[in-house]
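By convention in this document, chain letters (A, B, ...) are assigned in the order of the sequence lines, proteins followed by strands, and residues within each chain are numbered from 1. As the structure is a computational prediction, the values presented were derived from the model and not from experiment. The figures here come from the full heavy-atom set of this structure, side chains too, leaving out hydrogens, waters and symmetry mates.
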Protein chains: 2
Amino acid sequence: MLNIGDVAGQGGVTVETLRYYEREGLIEAPDRDANGYRKYAPEVVRQIQFIKRAQDVGFTLKDIKELLSLKADPGASCRDVRARAEGKISEMGEKIVMLQRMKAVLADWAAACPDAGPVDQCPILDALDQETEGHHGSR
Amino acid sequence: MLNIGDVAGQGGVTVETLRYYEREGLIEAPDRDANGYRKYAPEVVRQIQFIKRAQDVGFTLKDIKELLSLKADPGASCRDVRARAEGKISEMGEKIVMLQRMKAVLADWAAACPDAGPVDQCPILDALDQETEGHHGSR
DNA sequence: GTAACCCTTGAAGTATACTTCAGGGTCAAG
DNA sequence: CTTGACCCTGAAGTATACTTCAAGGGTTAC
């Protein structure tokens with residue numbers, strides 16, 4: 001049985017994060033020792049790593065909570081998990097496209113900017129000052 | 001002279017947002033009428049649109065505050081603005097790369113997932129459960 | 001036994017960009 | 001003159017993922 005500090009060390013998080021995960025229902029509240037200390041089974045370390053890996057590929061804690069429910073639910077199907085993944089994939093796709101568009105616009109403007117010269121002739125500031133023109137985004 | 005509601009309507013924001021921008025120092029506190037109402041010059045609408053366009057291309061309000069200082073500073077050079085833009089461009093580049101990586105990983109996993117089948121054989125959950133293996137990211 | 005370090009709790013703070021609320025004054029139309 | 005739309009303030013709430021704080025008790029090594 002491990003103390004919270006052991007789990008934190010092995011899981012690569014802080015003890016505060018573990019208590020936070022517990023509050024948020026991502027990990028179960030462990031049994032307590034006579035002194036009130038949380039006593040963790042070693043597999044909790046893997047659960048923490050699951051959460052971290054899921055975060056690494058873009059899932060939020062809310063998403064992860066859902067994934068964990070699915071994982072624990074014998075009635076759940078692989079399709080359910082896949083649906084989550086695909087939702088996340090298209091979310092990311094949209095973010096990527098948006099970032100690429102913004103980046104391209106900014107790069108255009110920056111390219112037009114002479115390194116020297118006063119700000120009142122800056123093409124970047126000019127572009128930002130433009131009347132709602134050059135503003136194709138439909139939103 | 002415009003009331004806050006007029007500026008909000010023409011600028012495409014809410015009155016709360018305008019008061020918020022004022023608190024945050026993004027726009028100057030306007031003079032007040034005898035009744036205490038904020039009285040805006042028409043050009044404030046353009047200033048609001050500047051802020052919105054800057055947000056549209058990825059600047060945060062903090063960034064925008066800096067841009068506005070540069071804009072107002074006769075001693076500032078175009079180079080300063082350009083540096084901000086380029087910083088933002090590389091920030092975005094990093095975000096894009098990270099998102100693409102995460103998306104690719106997730107897509108791989110999703111491709112391995114049979115539409116049917118119970119969750120305890122789900123390749124996505126399996127991947128997330130993996131020992132720190134298949135985890136090439138050096139961080 | 002005492003210092004160093006671990007554990008406990010609940011509450012508040014961080015960052016971003018606002019929104020909502022409570023409680024109240026002002027203005028224009030009919 | 002009343003009604004509804006608009007304005008004011010300061011404070012608190014929202015979402016995300018934690019971190020920090022205050023104030024205290026337990027444990028381990030020397």
Side-chain angles (χ1 to χ4, degrees), chain A residues 1-27 29-40 44 47-68 88 91-92 95 98-99 102 139, chain B residues 1-27 29-40 44 47-68 88 91-92 95 98-99 102 139:
Chain A
M1 286 300 177
L2 307 166
N3 274 342
I4 194 169
D6 304 325
V7 176
Q10 290 176 39
V13 295
T14 69
V15 300
E16 290 81 13
T17 300
L18 286 177
R19 287 195 279 250
Y20 173 71
Y21 285 174
E22 183 182 322
R23 274 202 302 285
E24 296 299 303
L26 282 154
I27 54 177
D31 289 343
R32 299 302 182 98
D33 228 344
N35 50 26
Y37 287 18
R38 289 168 177 80
K39 281 306 183 179
Y40 293 92
V44 175
Q47 292 172 22
I48 298 303
Q49 289 169 347
F50 180 101
I51 294 172
K52 289 193 67 193
R53 271 190 293 269
Q55 280 188 301
D56 282 349
V57 295
F59 288 108
T60 65
L61 293 186
K62 191 162 171 275
D63 296 329
I64 295 169
K65 215 172 154 183
E66 285 183 17
L67 288 178
L68 289 170
K88 197 47 70 173
E91 240 178 65
M92 288 180 185
K95 268 189 206 156
M98 174 155 301
L99 280 168
M102 298 191 302
R139 278 184 71 197
Chain B
M1 286 299 179
L2 307 166
N3 275 341
I4 194 168
D6 304 325
V7 177
Q10 291 175 40
V13 296
T14 67
V15 299
E16 290 82 12
T17 299
L18 286 177
R19 287 196 279 247
Y20 172 70
Y21 285 173
E22 183 183 321
R23 274 201 304 284
E24 295 299 302
L26 282 153
I27 54 178
D31 289 342
R32 301 299 182 99
D33 228 343
N35 50 25
Y37 286 19
R38 290 169 177 81
K39 282 304 184 181
Y40 294 92
V44 175
Q47 292 172 21
I48 297 304
Q49 288 168 348
F50 180 100
I51 294 172
K52 288 192 68 192
R53 269 189 295 269
Q55 281 187 302
D56 281 349
V57 295
F59 288 107
T60 64
L61 293 187
K62 190 162 173 274
D63 297 329
I64 295 169
K65 214 172 154 183
E66 285 183 18
L67 289 178
L68 290 170
K88 196 47 70 175
E91 240 180 65
M92 288 180 185
K95 267 189 207 157
M98 174 154 302
L99 280 168
M102 297 192 302
R139 280 181 71 197

Quiz item: How about Asp33(A): does its CG atom have over 12 heavy atoms from other parts shown lying under 6.0 Å from it?
Solution: yes
Practice problem: Return the 5'-most residue of the pair Asn3(A), Thr60(B) with respect to DNA chain C, ranking by each residue's nearest nucleotide. | Solution: Asn3(A)
Practice problem: Nearest whole angstrom, please: distance from the C1' of dT9(C) to the CG of Asn35(A). | Solution: 15 Å
Exercise. Please state how far atom CZ in Arg23(B) lies from atom P in dT20(C), giving the value in whole angstrom units.
Key: 14 Å
Practice problem: Look at the side-chain N and O atoms of Arg19(A) and state whether any lies under 4.0 Å from the OP1 or OP2 oxygen of dT8(C). | Solution: yes
Quiz item: Can you tell which of dT19(C), dC18(D), dT27(D) lies closest to the side chain of Tyr37(A)?
Solution: dT27(D)
Quiz item: Quick one: Lys39(A) NZ to dC6(C) C1', roughly how many Å, whole number?
Solution: 11 Å
Quiz item: Over how many whole Å does the gap from Glu24(B) atom CD to dT19(C) atom C1' extend?
Solution: 14 Å
Quiz prompt | Gln55(B) vs Ala34(B), nearer the 5' end of DNA chain C by closest nucleotide | solution = Gln55(B)
Quiz item: Which part of the nucleic acid does Arg32(B) contact within heavy-atom distance under 4.0 Å: base, sugar-phosphate only, or nothing?
Solution: sugar-phosphate
Quiz prompt | Phosphate contact (dC18(C) OP1 or OP2) by Thr14(B) side-chain N/O below 4.0 Å | solution = no
Quiz item: Is the backbone of Lys95(A) close enough, under 3.5 Å, to the side chain of Lys95(B) for a donor and an acceptor to pair up by distance?
Solution: no
Quiz prompt | Gap between atoms CD and C1', on Glu16(A) and dT19(D) respectively (whole Å) | solution = 7 Å
Practice problem: Identify which nucleotide among dC18(D), dC18(C), dT27(D) has an atom closest to any side-chain atom of Tyr20(A), counting heavy atoms from C-beta outward. | Solution: dC18(D)
Quiz item: Hey, is the main chain of Val57(A) close enough, under 3.5 Å, to the side chain of Lys88(A) for a donor-acceptor pair?
Solution: no
Quiz prompt | Whole angstrom value for the distance that separates C1' of dC6(D) from CG of Asp6(B) | solution = 10 Å
Exercise. Can you tell me the distance, in whole Å, between the CD atom of Glu22(B) and the C1' atom of dT19(C)?
Key: 17 Å
Quiz item: When the distance from NZ of Lys62(A) to P of dT14(D) is rounded to whole Å, what number comes out?
Solution: 15 Å
Self-check item: Closest contact, heavy atoms only, Glu22(B) versus Ala29(B)
Solution: OE2-CB, 3.5 Å
Quiz item: Taking side chain as C-beta onward, heavy atoms only, is Asn3(B) less than 4.5 Å from Tyr37(B)?
Solution: yes
